Amino acid sequence: MTLFSNLPGDEGLPGHERARVMAAVMTTTLMGVFDGTMINIALPSMARAMQVPANVAVWFANGYLLSAAMTLAIFAALAARVGYRPVFLAGLATFTLTSLGCALAATPEMLTGMRILQGIGGAATLSIAPAILRSVFPGRLLGRILGLHALLIASSTAIAPVLGGTILDALSWQWLFAINIVPGSIALLLAWRALPRETAIDRSPFDAPGAMLSAALLGSAIMLADSLQRVTQDINQAATGWGLLTLVSALAFIWRIRRAQSPILPPVMFKNGRFTLAALTSLASFVSQGITFVALPFLFQSVYGYSPVVSALLFTPWPIGIVLIAPHAGRWADTISAPLISTIGLMIFVGGLILLATLPESPSAWNICLRSLVCGIGFGCFQSPNNREMLSNVAREYASYASGVLSIVRTFGQCLGAAAVGVLLATTESDHDRAVHFALWIAVIASTGSVLFSVSRLRPAVRASV
């Protein structure tokens, strides 16, 4: 296979060693993405089994998301100082052990605690996975391997609800966590044998104040997005509080990274115009994806009357479209132009979202599937070239930080999109049809913004450093 071929002058690892690292990273990414998304469909069953109200059960999902988001930047900075190997191995071991802990949890408190620890383990691996792939694969293959990684994340995000529903129908909710134990153990063994024992790139002291501020900023932003989905007076007061905390921590974080000698997130990266535009493009596109993935189930079930299983199946053309195009898009990004391929993909994605937003009152399943397929093809064509653009436009010593930024914008884009749908559903009460179609048009606007960011990278005036 081309991915494991060797040519004179190739940096990174030899082909057979790349294969083992890729298997470990891809398996770990698959588990982390699945665990962060497929649990949502099991929340009602878990609430009934543990005899807790829905507002308590929702923390079985939010605990994972919150802890992961709060520690993404921390692990990216830590990996630059101690190396990828110890951070990845510790995170994978934590994730696998806490998966067992979640499966054995007998109380809601224990399950929530295990999910928080599991999110920390997941963040340690997901935040540096693209950087590890960059370090072991030569630059001539960077677009292809990142294309496969992006394909895995996007398709598993769409497939996770179907898999979760299938497991839940056949087995108990505990198996949603227990299935991680065997692949997690295999991935841990592969990573232990294959990951290189590289020396630390950054020997500067760890920025502990910056780490605390980044955790406060990311955590409060997640809580703000969650609280905005409710419109009661108490929740509005909570949203105001989280909003103030987000603003204060954001200002303090910016002040810290601009003045610290060795900041947790080097601001010099953002002086590279192509890196910054790629990050903004990714953020806007994931806002659109987050809106779509939350809005469509309401449209399918509450408006069109499909069952949950059929609604989940209607999502399958989206990952199919990604599978069809993402590997080719990665290869094209290596040989043609990553910004150009990304821009074309985003334009197709916008067209697909417009098709979804203009669905008729009683569409057939085939009509829905074809429109979803267009979205998947567009998103698959965009994501891997854009990820390549981000990682290839920073110095190798900043690869870990760039990988962390990539994970952060993906996480927060999806959170903002979900929050936007929650606000619309709450304010329109029972009129789900109007709320969902309005949300889809917001997704069209957000994705149009991502096109504008991406197009600006095509101008000759945008240099590697601005």
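Keep in mind the model is a prediction, meaning the values are calculated, not measured. Only this structure's heavy atoms are used, side chains among them; waters, hydrogens and symmetry mates stay out. Residues take their numbers from the sequence shown, with the count starting at 1.
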(message) Under the criterion side chain to side chain contact (heavy atoms under 4.5 Å, CB included), I'd like the reasoning laid out for Val25 against Phe88: C-alpha separation, chi angles, the key distance, then a yes or no.
(response) CA-CA 9 Å; Val25 171; Phe88 189 86; 4.2 Å; yes
(request) State the CG-CZ distance between Leu66 and Arg115, to the nearest 0.5 angstrom. (result) 12.0 Å
(request) Provide the closest heavy-atom pair for Val82 versus Val87 in the form atom of the first, atom of the second, distance. (result) CG2-CG2, 3.6 Å
(request) Could you give me the CA-CA distance, side-chain angles and deciding distance for Phe379 and Phe286, then say whether ring pair (Phe, Tyr, Trp, His ring centres under 6.0 Å) is met? (result) CA-CA 10 Å; Phe379 204 84; Phe286 276 107; 5.4 Å; yes
(request) Count the heavy atoms of every other residue, nucleotide or ligand shown that sit under 6.0 Å from CZ of Arg259, and state whether that count exceeds 12. (result) yes
Can I get a per-line list of side-chain donor-acceptor pairs under 3.5 Å for residues 176-193, giving both atom names and the distance, sequence neighbours left out?
unit_1, atom_1, unit_2, atom_2, d
Asn180, ND2, Asp35, OD1, 2.8
Asn180, ND2, Ser99, OG, 3.3
Ser185, OG, Ile181, O, 2.8

(request) Please name the pair of heavy atoms, one in Ala131 and one in Tyr84, separated by the smallest distance, quoted to 0.1 Å. (result) CB-OH, 3.7 Å
(message) Donor-acceptor pair, distance only, cut-off 3.5 Å: does the side chain of Thr276 make one with the backbone of Gly273?
(response) no
(request) Please examine the side chains of Trp255 and Leu213, heavy atoms only from C-beta on, and report whether any two atoms are closer than 4.5 Å. (result) no
(request) Output the distance between atom CD1 (Ile341) and atom CD (Gln383), rounded to the nearest 0.5 Å. (result) 15.0 Å
(message) If you compare all heavy atoms of Ser288 against all heavy atoms of Phe349, which two are closest, and at what distance to 0.1 Å?
(response) CB-CE2, 3.9 Å
(message) Quick check: closest heavy atoms across Pro339 and Ser454, and the distance to 0.1 Å?
(response) O-OG, 3.8 Å
(request) First locate atom CH2 of Trp441, then atom CD1 of Ile291, and finally report the distance between them rounded to the nearest 0.5 Å. (result) 13.0 Å
(request) For residues Met22 and Val136, determine if any side-chain heavy atom of one lies less than 4.5 Å from a side-chain heavy atom of the other. (result) no
(message) Is there a side-chain contact between Phe95 and Thr125 in this structure, where contact means two heavy atoms from C-beta onward sitting under 4.5 Å apart?
(response) no
(message) So Ser447 and Leu346, do their side chains get closer than 4.5 Å, heavy atoms only?
(response) no
(request) State the CG-OG1 distance between Leu117 and Thr98, to the nearest 0.5 angstrom. (result) 6.5 Å
(request) For the pair Thr246 (side chain) and Leu217 (backbone), establish whether a donor and an acceptor sit closer than 3.5 Å, ignoring hydrogens and angles. (result) no
(message) Do Leu299 and His437 make a side-chain contact, defined as non-hydrogen atoms from C-beta onward lying under 4.5 Å apart?
(response) yes
(message) Once rounded to the nearest 0.5 Å, what's the spacing between atom CG of Leu89 and atom OG1 of Thr94?
(response) 10.5 Å
(request) List for me each residue that meets salt bridge (Lys or Arg N to Asp or Glu O under 4.0 Å) alongside Arg85, sequence neighbours excluded, and say none if there are none. (result) none
(request) Could you tell me the separation between the SG atom of Cys381 and the CD1 atom of Ile322, rounded to the nearest 0.5 Å? (result) 11.5 Å
(request) May I ask you to test the Ile264-Ile74 pair for a side-chain heavy-atom distance under 4.5 Å? (result) yes
(message) Main chain of Ala211, side chain of Ser214: is a donor-acceptor contact present, judged purely on distance under 3.5 Å?
(response) yes
(request) Check Ala278 against Met390 and note the closest heavy-atom contact, atom names and distance. (result) CB-CG, 3.3 Å
(message) Quick one, Ser342 and Thr281 - any side-chain contact, counting heavy atoms below 4.5 Å?
(response) no
(request) Evaluate the side-chain proximity of Trp318 to Thr292: yes if any heavy-atom separation is below 4.5 Å, no if none is. (result) yes
(request) Please answer whether the main-chain N or O of Ser282 pairs with a side-chain N or O of Ser285 as donor and acceptor at a distance below 3.5 Å. (result) yes
(message) If you compare all heavy atoms of Pro266 against all heavy atoms of Pro263, which two are closest, and at what distance to 0.1 Å?
(response) CA-CG, 4.0 Å
